[in-house]
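Below: the structure, in structure tokens.
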Number of protein chains: 2
Amino acid sequence: MSIDKSLLTGSTTTLILKLLEEKDMYGYEMIETLANKSDHTFDLKAGTLYPILHGLEKKELVESYEKKADNDRLRKYYHLTKKGKNLLKEKKEEWTIFSNAVNSVLNGGFSYASI
Amino acid sequence: MSIDKSLLTGSTTTLILKLLEEKDMYGYEMIETLANKSDHTFDLKAGTLYPILHGLEKKELVESYEKKADNDRLRKYYHLTKKGKNLLKEKKEEWTIFSNAVNSVLNGGFSYASI
DNA sequence: TCTTTATATATAGATTATCTATATATAAGT
DNA sequence: ACTTATATATAGATAATCTATATATAAAGA
């Protein structure tokens with residue numbers, strides 16, 4: 001089953017930052033890695049990713065540098081900045097709060113206030 | 001801490017359908033209930049909810065009827081149709097798949113494929 | 001009594017994130 | 001030779017939600 005893509009809205013940036021926390025990566029690599037780690041739930045399109053990366057760089061959340069692969073191919077690597085790490089931390093917390101809130105509505109129907 | 005609202009994109013409809021699975025409700029009641037159940041993580045705006053309800057009715061996922069409250073005030077109640085119940089079931093499954101996928105990227109970095 | 005806040009629904013227009021489509025270029029496989 | 005995979009990029013379309021605004025009544029407070 002494939003999921004409604006609009007669910008991803010708001011999470012894509014978090015996922016990208018998380019990948020870069022582990023190691024520097026180039027765009028195409030991120031798409032592949034996300035697809036693998038999510039069992040193809042995330043099949044990010046190139047046309048989605050690259051503009052996001054440019055935006056992250058502009059906000060100084062990532063830095064880029066070019067490096068040649070073994071096959072002499074030029075790749076653009078992205079590196080997470082200190083600022084990016086801080087944002088990632090926040091985004092992780094947001095995700096926890098959000099997913100807990102959704103779960104509490106979907107499973108149970110109890111109210112936090114009633115605890 | 002308040003969360004980035006764009007996270008909600010794609011989940012709002014699911015949450016509304018879930019509320020209606022439990023009982024018929026009117027719009028304003030849904031906003032209040034969602035806020036309570038989510039500890040105010042979801043503070044849905046009226047301008048967001050009502051157009052969504054109209055859309056759901058058009059797609060025959062909900063039906064509406066008017067009923068007077070004790071104070072003689074007219075309220076528009078919404079009822080989940082069979083079609084709406086089926087969609088809710090699908091949406092719940094999508095949420096599970098999606099949230100598992102996000103968690104597997106954020107926590108660990110292991111790949112499904114490697115299990 | 002007057003004013004503000006809460007209840008209740010509704011629509012227009014703006015914003016934003018992501019998607020589709022398209023473009024370019026090289027490497028590898030058939 | 002042709003197709004698929006690798007690799008990056010941008011323009012324009014789409015879709016979901018937001019803000020702002022409007023209307024109307026009830027309740028609460030000054």
Side-chain angles (χ1 to χ4, degrees), chain A residues 2-17 24-36 38 41-59 61-62 64-78 91 94 98 102, chain B residues 2-17 24-36 41-59 61-62 64-78 91 94-95 98 102:
Chain A
S2 67
I3 65 157
D4 178 358
K5 286 163 191 167
S6 67
L7 274 172
L8 248 169
T9 304
S11 305
T12 312
T13 295
T14 309
L15 296 173
I16 294 168
L17 293 178
D24 293 3
M25 279 194 190
Y26 55 98
Y28 198 85
E29 190 183 7
M30 296 178 204
I31 293 172
E32 301 264 289
T33 307
L34 272 182
N36 287 336
S38 70
T41 297
F42 307 139
D43 270 318
L44 209 59
K45 298 301 178 297
T48 305
L49 178 63
Y50 291 109
I52 290 174
L53 290 176
H54 302 157
L56 292 177
E57 193 167 19
K58 211 170 193 171
K59 289 182 206 152
L61 300 163
V62 301
S64 72
Y65 58 93
E66 294 192 324
K67 207 172 110 184
K68 276 190 179 175
D70 293 339
N71 52 15
D72 235 40
R73 219 183 171 116
L74 205 59
R75 288 166 176 165
K76 199 165 171 182
Y77 281 83
Y78 288 88
K91 288 287 175 188
E94 285 188 33
F98 169 69
V102 172
Chain B
S2 67
I3 65 158
D4 179 358
K5 286 163 191 166
S6 67
L7 274 172
L8 250 169
T9 304
S11 304
T12 312
T13 296
T14 309
L15 296 173
I16 293 168
L17 295 178
D24 291 5
M25 280 194 188
Y26 55 97
Y28 198 83
E29 190 183 8
M30 295 179 205
I31 292 173
E32 302 265 288
T33 307
L34 271 183
N36 288 335
T41 296
F42 307 138
D43 269 319
L44 210 59
K45 299 299 177 296
T48 305
L49 178 64
Y50 291 108
I52 290 174
L53 290 175
H54 303 157
L56 292 176
E57 192 166 21
K58 211 169 196 175
K59 289 183 207 154
L61 299 163
V62 301
S64 71
Y65 57 94
E66 294 193 324
K67 209 172 111 184
K68 275 190 179 173
D70 294 339
N71 52 15
D72 236 41
R73 213 180 178 123
L74 205 59
R75 288 167 176 166
K76 199 166 172 183
Y77 281 82
Y78 287 88
K91 289 286 177 190
E94 285 188 31
W95 166 255
F98 168 69
V102 172

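Fair warning: this is a prediction, and the values are worked out from it, not measured in the lab.
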Is there any protein nitrogen or oxygen under 3.5 Å from a nitrogen or oxygen in nucleotides 20-24 of chain C, and what are the pairs?
| from | atom 1 | to | atom 2 | distance (Å) |
| --- | --- | --- | --- | --- |
| C:dT20 | OP1 | A:Lys5 | NZ | 3.4 |

_Among D:dA9, D:dT17, C:dT11, which nucleotide has an atom closest to any side-chain atom of A:Lys76?_
D:dA9
*Should the ring pair B:Tyr65 and B:Tyr77 be called parallel, tilted or perpendicular, given that the plane angle runs from 0 to 90° and is split at 30 and 60?*
parallel
*Specify the separation, in whole Å, of atom NZ of B:Lys58 and atom P of C:dA10.*
14 Å
*asked:* Rounded to whole Å, please give me the gap between CZ in A:Arg75 and P in D:dA9.
replied: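 These atoms are roughly 14 Å apart.
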*Within the structure, does a side-chain N or O atom of B:Thr9 lie under 4.0 Å from either OP1 or OP2 of C:dT18?*
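No, outside the criterion.
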*Ignoring backbone atoms, establish whether B:Thr13 has a side-chain N or O less than 4.0 Å from OP1 or OP2 of D:dA16.*
no
*asked:* Stem finding on DNA chain C, please: runs of three or more consecutive Watson-Crick or G-U wobble pairs, both distances under 3.5 Å, sorted by first number.
replied: C:1-30 with D:1-30
Show each protein N/O and nucleotides 27-30 of chain C N/O combination with a separation under 3.5 Å, one pair to a line.
| from | atom 1 | to | atom 2 | distance (Å) |
| --- | --- | --- | --- | --- |
| C:dA27 | O4' | A:Arg73 | NH1 | 3.0 |

Atom pairs and distances, donor-acceptor, side-chain atoms in residues 6-13 of chain B, under 3.5 Å, two or more places apart:
| from | atom 1 | to | atom 2 | distance (Å) |
| --- | --- | --- | --- | --- |
| B:Ser6 | OG | B:Asp4 | OD1 | 3.2 |
| B:Ser6 | OG | B:Asp4 | OD2 | 3.1 |
| B:Thr9 | OG1 | B:Ser6 | O | 3.1 |
| B:Thr12 | OG1 | B:Leu8 | O | 3.4 |

Each nucleotide N or O in nucleotides 13-15 of chain D that has a protein N or O under 3.5 Å away: list the pair and distance.
none

*asked:* Base, sugar-phosphate or nothing for B:Ile52? Non-hydrogen atoms, less than 4.0 Å.
replied: sugar-phosphate
Show me the side-chain donor-acceptor pairs of residues 46-55 of chain A shorter than 3.5 Å, one per line, residues at least two apart or across chains.
| from | atom 1 | to | atom 2 | distance (Å) |
| --- | --- | --- | --- | --- |
| A:Tyr50 | OH | A:Tyr28 | N | 3.4 |
| A:His54 | ND1 | A:Tyr50 | O | 3.3 |

